[in-house]
Amino acid sequence: MAAIDGARERAPKMTKEERKVIFASSLGTVFEWYDFYLYGSLAIYIGAAFFSEYPETTRNIFALLAFAAGFLVRPFGALFFGRIGDLVGRKYTFLVTIVVMGLSTFLVGLLPGSASIGIIAPIILIGLRMLQGLALGGEYGGAATYVAEHAPNGRRGFYTSWIQTTATFGLFLSLVVILLIQNSMTAEEFAAWGWRIPFLISVVLLGISVWIRMQMSESPAFKKMKEEGKQSKAPLKEAFGHWKNAKIALIALFGLTAGQAVVWYSGQFYTLFFLQNVLKVESISANIMIAIALLIATPFFLFWGWLSDKVGRKPIIMAGLALAIFTYFPLFKALTAAANPALARAEATISATITAAPGDCTFQFNPVGTAKFTTSCDVATAFLSRSSVPYTVETGAAGTPASVKIGESTITSYDATGADAATRAPAFVHDVNLALQKAGFPLVRNAAKVPDAKLDAFVAANPELSLNADTIRAGESVSMTADQMVAAKLVPAADAATIGEQKVYTIPDAGTFKMVADPDEVNWPLTILILTILVIYVTMVYGPIAAILVEMFPTRIRYTGMSLPYHIGNGWFGGLLPATVFAMSAAKGDIYYGLWYPIIIALMTLIIGLIFVRETKDRDLNHVE
């Protein structure tokens, strides 16, 4: 592909019309990213509402997979809408993508959960996510192409960098809306129905976005090409059926967007999941931390875009990849020490040891949530992974159940298919949690509500609390009917007919265990600093990416050509990152092990990019062939 150097003359200042183009394109795209990232930010609540029949670890993976479903179809959206954009025009495609995205998001807020309509609920949910992915697949390439074709030579990196801020602003907007709603109600109300409000609000944003898009005119490069009769009659065939252009698309994918995608999602999305689900930072605090980091780092998108007009796109992107490769492990370990110091101390000194019979442990990579892992070893490894506890596995005698050794305590696991699994499971969970707490892991216990009929058994099952049943009975209590106790999950429904109304006692610090990050120990400034550094890496690889992709393809196939490698990279390599990293870490027993996924992909892109990607900053878009 040849290019004429036409950008070395001094670039003019931004005109009023150009500012309008950037504002209109960027604002509409911000709203579209807001719609898309609501799902990722609320994955925990959506998992509970639509995948509640699964255990917590599988539910988290399944919820993240549904998030990835929106990404898996993005390349198909790029092909479908890219073709329309190259045949009909950029503006028309803008209008279609925003309507599809807005309506799909709004319907998520109205969709009943699995408790109401069963398996139909998650099926419809994933279908709506796929529609969102299709729409987003057509959105980004159109916005980047539209702005780039309005930009003068020598300023294209800076102009398109405004589009690069939209994904971050969209995520930031979604976090702010979520925080405002969370602070307006109780945690229970938000978990039950409040999480739906951000989705419903999107219908207002849809109206604003459609109005904005209606004010836009077609890009000058597209109009010029159409007037000259140089339009492609078959953009898909020309972009990918001819080796000259297909080769450029492959270089763009493996030498640019694959690595950019894993750095982007590691720095802006997986960090939120890591804070909440691995480090156990309280949800609102984690959202605030990410929001502040995004606010601080976002101007760097513009800085790197501006700098790429001076020094080139390639050096900045390659430098961002290299920094991520060499610093991810120390940065995420530092993040643990800052956000949950007690967990960091415990992990540094305590490692659980699982002793299991040969063949009892299986690789628990289960992204679709359909496989069942029931052996005694799998029960133990799944529980420790969910609790962010590192472990090693040793081979034991054949035919013996797995055991977990934590400090001086050894707890025997159980087969989840055994006849006694229902009775052994609570004891196993209690004993492992108690051992972890004694070893120094940051676990706390909620208050326990115990019916009088179960009090003696409860006291006997918790000898470490040194409880006295007579003392508890002499204290305060409330009377509850059998139905009330069943509704509160204090007794099984099968016992309702025999227990009748009785007293219920509240015993402080005696209920279920929960791993937490102590709010008084969280180092907010250091945590935000580390998150900001991770987002700055994002700005380095993402800020100049639109400009370099646009400059690689001619006008007649530009929308189609640049959209597919971008969305395969971001939709597949990036979109699957959260589920892949989480599952790898859970399977290995090391909360950092999954980081090898983004590091290896980034290393691949760095090597291919250094060898095959050519600098494009001085290309004239009207002369790219």
Side-chain angles (χ1 to χ4, degrees), residues 40-41 43-44 56-57 60 64 175 179 182 187 266-294 327-352 381-392 404 406-407 429 432-446 509 511-535 578 581-586 588-595 598:
S41 301
I44 296 174
E56 183 180 354
T57 301
N60 284 339
L64 286 171
L175 293 177
L179 285 170
Q182 283 178 325
S266 295
Q268 286 198 176
F269 183 76
Y270 182 68
T271 47
L272 178 60
F273 185 85
F274 188 78
L275 284 173
Q276 292 178 334
N277 294 275
V278 179
L279 302 186
K280 313 299 182 182
V281 176
E282 188 269 329
S283 177
I284 293 179
S285 296
N287 283 337
I288 292 173
M289 292 171 179
I290 293 291
I292 294 174
L294 293 176
T327 64
Y328 265 3
F329 277 114
L331 282 175
F332 274 86
K333 289 180 180 179
L335 186 60
T336 301
N340 195 336
L343 179 61
R345 291 192 297 267
E347 289 191 331
T349 56
I350 303 295
S351 177
T381 56
F383 183 82
L384 293 177
S385 297
R386 188 168 62 247
S387 302
S388 303
V389 178
Y391 62 84
T392 57
V404 181
I406 303 168
V429 170
V432 173
N433 275 327
L434 185 61
L436 291 172
Q437 188 181 53
K438 289 179 178 178
F441 280 86
L443 282 91
V444 297
R445 298 183 74 167
N446 298 321
D509 303 319
T512 56
F513 287 87
K514 182 173 66 172
M515 190 82 73
V516 297
D518 185 349
D520 293 333
E521 285 198 349
V522 175
N523 187 332
W524 276 71
L526 183 56
T527 299
I528 292 171
L529 174 62
I530 295 167
L531 294 173
T532 302
I533 291 172
L534 291 168
V535 179
V581 171
F582 178 79
M584 287 175 63
S585 296
K588 188 66 176 179
D590 179 355
I591 64 175
Y592 308 109
Y593 183 76
L595 293 174

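Heavy-atom basis, side chains included; hydrogens, waters and symmetry copies ignored. This one's a predicted model, so the numbers in the text were calculated from it and none came from an experiment.
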- Task: Considering only NZ, NE, NH1 and NH2 on the basic side and carboxylate oxygens on the acidic side, decide whether R345 and E521 come within less than 4.0 Å.
- Result: yes

- Item | Sidechain-backbone polar pair: N340 side chain, L279 backbone, donor-acceptor under 3.5 Å | yes

- Query: Do S285 side-chain atoms and V281 backbone N/O form a donor-acceptor pair below 3.5 Å?
  - Reply: no

- Query: Looking at L531, I530, V535, which hits side chain to side chain contact (heavy atoms under 4.5 Å, CB included) with T271?
  - Reply: L531

- Task: For side-chain contact (heavy atoms from CB on, under 4.5 Å), just list the numbers for L526 and L335, CA-CA rounded to whole Å, side-chain angles, deciding distance to a tenth of an Å, and then say yes or no.
- Result: CA-CA 8 Å; L526 183 56; L335 186 60; over 6 Å; no

- Message: Over 60° means perpendicular and under 30° means parallel, so tell me whether Y270 and F274 are parallel, tilted or perpendicular.
- Response: tilted

- Query: Quick check: does any side chain N or O of S585 sit under 3.5 Å from a backbone N or O of G594, one acting as donor and the other as acceptor?
  - Reply: yes

- Start with the C-alpha distance between L534 and F332, add both sets of side-chain angles, then the distance that settles side-chain contact (heavy atoms from CB on, under 4.5 Å), and finish with yes or no. CA-CA 9 Å; L534 291 168; F332 274 86; 4.2 Å; yes

- Work out which heavy atom in N287 is nearest to a heavy atom in Q182; give both atom names and the distance. ND2-OE1, 3.9 Å

- Note on the structure: d(W524 CH2, L529 CG) to nearest 0.5 Å is 14.5 Å

- Centres of the Y592 and F329 rings: under 6.0 Å? no

- Give a yes or no on whether the backbone of G511 and the side-chain of R445 come within a donor-acceptor separation of less than 3.5 Å. yes

- Among L179, L175, I528, side chain to side chain contact (heavy atoms under 4.5 Å, CB included) partner for I288: L179

